[in-house]
Amino acid sequence: MTGPTGDVVERATVGFTDQYDAPAAGLWAAPGRVNLIGEHTDYNDGFVLPFALPMRTVVAADRRDDERWTVWSELSGETIDFDADDVAEPGRVTGWGAYVAGVVWALRDAGHAVPGARLAIASDVPLGSGLSSSAALESAVLAALLDLAGLELPAERLPRLAQRAENVYVGAPTGIMDQSAVIRCRVGHALFLDCRDESVEHIPFDLDAAGLTVLVIDSRAPHRHADGEYAARRRSCEAAAEALGVPALRDVTVDQLDAALARLDDTETRRRVRHVVTEDQRVLDTVALLRAGRVRDIGPLLTASHVSMRDDFEITVPEIDTAVEAALSAGALGARMTGGGFGGCVLALVESDRADAVSDAVRAAYAERNYTAPTTVPVLPAPGATRLR
C-alpha cells in the first residue's frame with residue numbers, strides 16, 4: 001500500500017503553492033475506510049460496521065471570483081479546469097475529475113451556491129483496493145467547498161450529497177456506507193449504520209487499549225468479473241425478498257431463516273439468502289460485544305463472516321482465502337475479506353505484537369503459491385472528514 005512519499009498534508013500544501021503560486025486558504029482531509037463486518041448487507045437494507053483508516057486524501061483549496069474550478073492531482077500530475085456549464089449535467093467532465101465535478105454538481109443541484117475554487121489533491125489512500133479512495137476524494141472536496149462557500153449543513157445530510165456525486169454524476173452505483181463512514185466516523189470507534197434509515201451509532205472500538213490492531217492486507221488479486229457478479233448477487237437477493245414477501249432480506253431474522261429457505265426452490269438463492277441473514281446477525285452480535293468492551297471476542301465472528309462469503313455468497317478468490325488462512329494459522333484472532341469481493345483486501349484482528357509475524361506468514365503463503373506479494377499495514381480507527389487548518 002505504497003504511494004508518493006512524504007507526508008500527505010505537506011504534499012497537498014506544496015502542490016497547491018507550486019501550481020498556483022500562492023498559499024491555500026485551507027486544508028481539508030477525508031480518510032479511506034474498511035468495513036469491519038457486514039458485507040453485501042447494505043443493499044438489503046441491513047447493517048454494516050465500518051471504521052475510518054489513518055490513510056487520507058487531503059485537499060488544499062481557495063476561492064476564485066468566477067464560476068470555474070481548477071484542480072491539480074498529484075496522482076496524475078494533471079491539472080483540469082471546468083466551469084458551470086461543464087457541471088450543469090452529468091457526463092461532461094470525465095475521468096478522475098468527474099469525482100470533483102460531481103461534488104460541485106450535487107451541491108448546485110441541491111440548491112446551494114458553490115463558489116469557484118482552485119484545488120490541489122494529494123492522497124495516501126490506496127487506489128483499487130476497496131478502501132474507498134473515491135469516497136475519500138469526494139468527501140474531502142465536499143468539506144472544502146462547503147467551508148469556502150460558508151455553508152453549514154447537518155452532518156447526516158453530507159453522505160447523501162457525496163453519494164449522489166458518485167451515483168449520478170460519475171455513474172458508479174455505490175451504496176451509502178462508504179460516504180457515511182468517510183464523513184461520520186470518529187477516532188477509536190466503528191460506525192454502526194442502519195442502511196434502511198441511515199441512522200448511526202458510534203461504537204467504541206479502542207484497539208490500542210486492548211493491545212490489538214487490525215492488519216489490512218491488500219491481496220493484490222486482480223478484480224475478476226466483479227461488476228457483473230455484484231449485479232447478479234444483488235438481483236438474486238432482490239428476487240428472493242420478493243419471493244418471500246418482504247421489503248428486503250433484512251426483514252428475515254435468523255429465527256425465521258430455516259422457514260424462509262424452505263420456501264425457496266433454488267439452491268444458489270438459498271445460499272445467498274443465508275449469507276445475508278446470518279451476516280446481519282453477525283453485525284448485531286459484533287456490536288453487542290464491542291459495547292461490552294469484549295474486543296477480542298469478535299474474532300470468531302469475523303472468521304465466520306469470511307466462511308459465509310466464501311461458501312454461501314461465493315465472492316472470494318484464492319489469494320483472498322490464502323491470506324485469511326495464513327493469518328489465522330499465524331495466530332490472528334479472526335480474519336475476513338472486506339469489500340465487495342473478487343479481489344481487494346483482507347482484515348485480520350491481531351495482537352499488536354504479532355502484526356509482523358502475521359504479515360510474514362501471509363507473505364510466505366503467497367510466495368509458496370507464486371502469487372503477487374501482498375502489502376500489509378496495521379491500522380487503528382481514525383477520524384472522519386475534517387478541516388485541518
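Fair warning: this is a prediction, and the values are worked out from it, not measured in the lab.
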* **side chain to side chain contact (heavy atoms under 4.5 Å, CB included) assessment of L36 paired with L290** => CA-CA 12 Å; L36 182 62; L290 292 180; 4.3 Å; yes

* Step by step, would you call E351 with L333 a side chain to side chain contact (heavy atoms under 4.5 Å, CB included)? -> CA-CA 8 Å; E351 303 283 353; L333 303 178; 4.3 Å; yes

* To do: For E166 and E138, run side chain to side chain contact (heavy atoms under 4.5 Å, CB included): C-alpha distance rounded to whole Å, both residues' side-chain angles, the deciding distance at 0.1 Å, then the answer.
  => CA-CA 8 Å; E166 188 153 352; E138 294 152 0; 2.5 Å; yes

* Asked: Should R233 and E238 be marked as a salt bridge (Lys or Arg N to Asp or Glu O under 4.0 Å) after you check the CA-CA gap, both sets of side-chain angles, and the distance that decides it?
  -> CA-CA 9 Å; R233 278 153 184 76; E238 290 168 350; over 6 Å; no

* To do: Under the side chain to side chain contact (heavy atoms under 4.5 Å, CB included) rule, what do V48 and V283 come out as? Steps first, then yes or no, please.
  => CA-CA 6 Å; V48 294; V283 175; 5.9 Å; no

* Run the side chain to side chain donor-acceptor pair (under 3.5 Å) check on R363 and T375 step by step: do they pass? -> CA-CA 8 Å; R363 282 193 287 267; T375 56; over 6 Å; no

* Pair R33-D178, salt bridge (Lys or Arg N to Asp or Glu O under 4.0 Å): steps then yes or no -> CA-CA 7 Å; R33 71 95 189 98; D178 291 356; 2.8 Å; yes

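Around atom CZ of R186, no more than 12 heavy atoms belonging to other residues, nucleotides or ligands sit under 6.0 Å away. Sparse packing is recorded around CG of D265, with 12 or fewer heavy atoms of other residues, nucleotides or ligands lying under 6.0 Å away. Within 6.0 Å of atom CG in D197, more than 12 heavy atoms from other residues, nucleotides or ligands are found, so the atom counts as buried in its surroundings. Annotation: D356, atom CG; neighbour count of heavy atoms from other residues, nucleotides and ligands within 6.0 Å does not exceed 12. Summarising the local packing, CD of E156 is surrounded by more than 12 heavy atoms from other residues, nucleotides or ligands at distances under 6.0 Å. Remark: D65 CG is loosely packed, at most 12 non-hydrogen atoms of other residues, nucleotides or ligands lying under 6.0 Å away.
A heavy-atom distance below 4.5 Å is found between the side chains of F82 and V71. Within the 4.5 Å cutoff, the side chain of E229 has heavy atoms near those of the F342 side chain. Between V216 and C345, some side-chain heavy-atom pair lies under the 4.5 Å cut-off. By the 4.5 Å heavy-atom criterion applied to side chains, R296 and L349 are not counted as neighbours. By the 4.5 Å heavy-atom criterion applied to side chains, E78 and S73 are not counted as neighbours. Using a 4.5 Å cut-off on side-chain heavy atoms (C-beta onward), V34 and P50 make no contact. Taking the side chain as every heavy atom from C-beta outward, V214 and L380 never approach each other to under 4.5 Å. A 4.5 Å side-chain heavy-atom check between V295 and F205 finds at least one atom pair inside the cut-off.
A donor-acceptor pair is defined here as one N or O able to donate and one able to accept, closer than 3.5 Å; such a pair exists between the side chain of R369 and the backbone of A365. With hydrogens and angles disregarded, no donor-acceptor distance shorter than 3.5 Å links the side chain of Y169 to the backbone of A106. Formation of a donor-acceptor pair under 3.5 Å by the R336 side chain with backbone atoms of V346 is not found in this model. Looking at N167, its side chain does come within 3.5 Å of a backbone N or O of A172 through a donor-acceptor pair. Of the possible donor and acceptor atoms, one in the side chain of T253 sits under 3.5 Å from a partner among the backbone N and O of Q256. Side chain of R11 to backbone of S123: a donor-acceptor contact under 3.5 angstrom is found. Between the side chain of Y371 and the main chain of S219, no donor-acceptor pair closer than 3.5 Å is present. No side-chain donor-acceptor contact under 3.5 Å links S359 to the backbone of T376. Of the possible polar contacts, none joining the T386 side chain to the L388 backbone as a donor-acceptor pair under 3.5 Å is found. The backbone N or O of V182 lies less than 3.5 Å from no partner atom in the side chain of S139, so there is not a single donor-acceptor pair.
In this structure, L158 CG and S180 OG are separated by 10.0 Å, a value rounded to the nearest 0.5 Å. With values rounded to the nearest 0.5 angstrom, D311 atom CG is found 8.0 Å from T316 atom OG1. Rounding to the nearest 0.5 Å places OG of S133 at 9.0 Å from CG of L75. Distance OH/Y99 to OG1/T57: 12.0 Å, rounded to 0.5 Å. Atom OG of S305 sits about 11.0 Å away from atom CG of L49, to the nearest 0.5 Å. Note that OG1 of T286 and CD1 of I203 are 10.5 Å apart. Values are rounded to the nearest 0.5 Å.
A single hydrophobic cluster is seen to contain both I183 and I121, as judged by linkage of ILVMFWY side chains at heavy-atom distances under 4.5 Å, directly or through other members. W69 and L107 fall within the same hydrophobic cluster, where Ile, Leu, Val, Met, Phe, Trp and Tyr residues are linked whenever their side-chain heavy atoms come under 4.5 Å apart, directly or through other members. Side-chain heavy atoms closer than 4.5 Å link hydrophobic residues (I, L, V, M, F, W, Y) into clusters, and following such links, even through other members, never connects V9 to V14. Using a 4.5 Å cut-off between side-chain heavy atoms of Ile, Leu, Val, Met, Phe, Trp and Tyr, with links allowed through other members, L249 and Y43 fall into the same hydrophobic cluster. Residues L153 and L145 are members of one and the same hydrophobic cluster, defined by side-chain heavy-atom contacts under 4.5 angstrom among Ile, Leu, Val, Met, Phe, Trp and Tyr.
When each of D280, T41, D194 is paired with R250, the side chain to side chain donor-acceptor pair (under 3.5 Å) condition holds for D194 and for no other. Under the side chain to side chain donor-acceptor pair (under 3.5 Å) rule, T70 has a single partner from R118, Q19, R64, which is R64. Among E39, R282, R274, E279, the one residue that satisfies the side chain to side chain donor-acceptor pair (under 3.5 Å) test with S308 is R282.
The shortest non-hydrogen separation linking L289 to D297 is CD1-O, 3.5 Å. Listed here is the closest heavy atom pair of F51 and A190: CB-CA, 4.0 Å. For the pair P90 and W105, the tightest heavy-atom approach, listed with the atom from each and the gap, is CD-NE1, 4.0 Å. Across all their heavy atoms, G340 and I315 have their closest contact at O-CD1, 3.7 Å. G15 approaches A120 most closely through the heavy-atom pair C-CB, 4.1 Å. M55 approaches P126 most closely through the heavy-atom pair CE-CD, 4.2 Å.
A salt bridge between E314 and R271 is present, with a side-chain N of the basic residue lying under 4.0 Å from a carboxylate O of the acidic one. A salt bridge links R196 and D251; the closest N-O separation between the charged side-chain nitrogens and carboxylate oxygens is under 4.0 Å. With respect to R310 and D321, no salt bridge is recorded, no charged nitrogen being found less than 4.0 Å from a carboxylate O. The pair R56-D124 does not meet the salt-bridge criterion, since no charged nitrogen lies less than 4.0 angstrom from a carboxylate oxygen.
Classified by interplanar angle (parallel below 30°, tilted 30° to 60°, perpendicular above 60°), the ring pair H275/F313 is tilted. Between Y230 and H40, the ring planes are tilted. Angles from 30° to 60° get that label.
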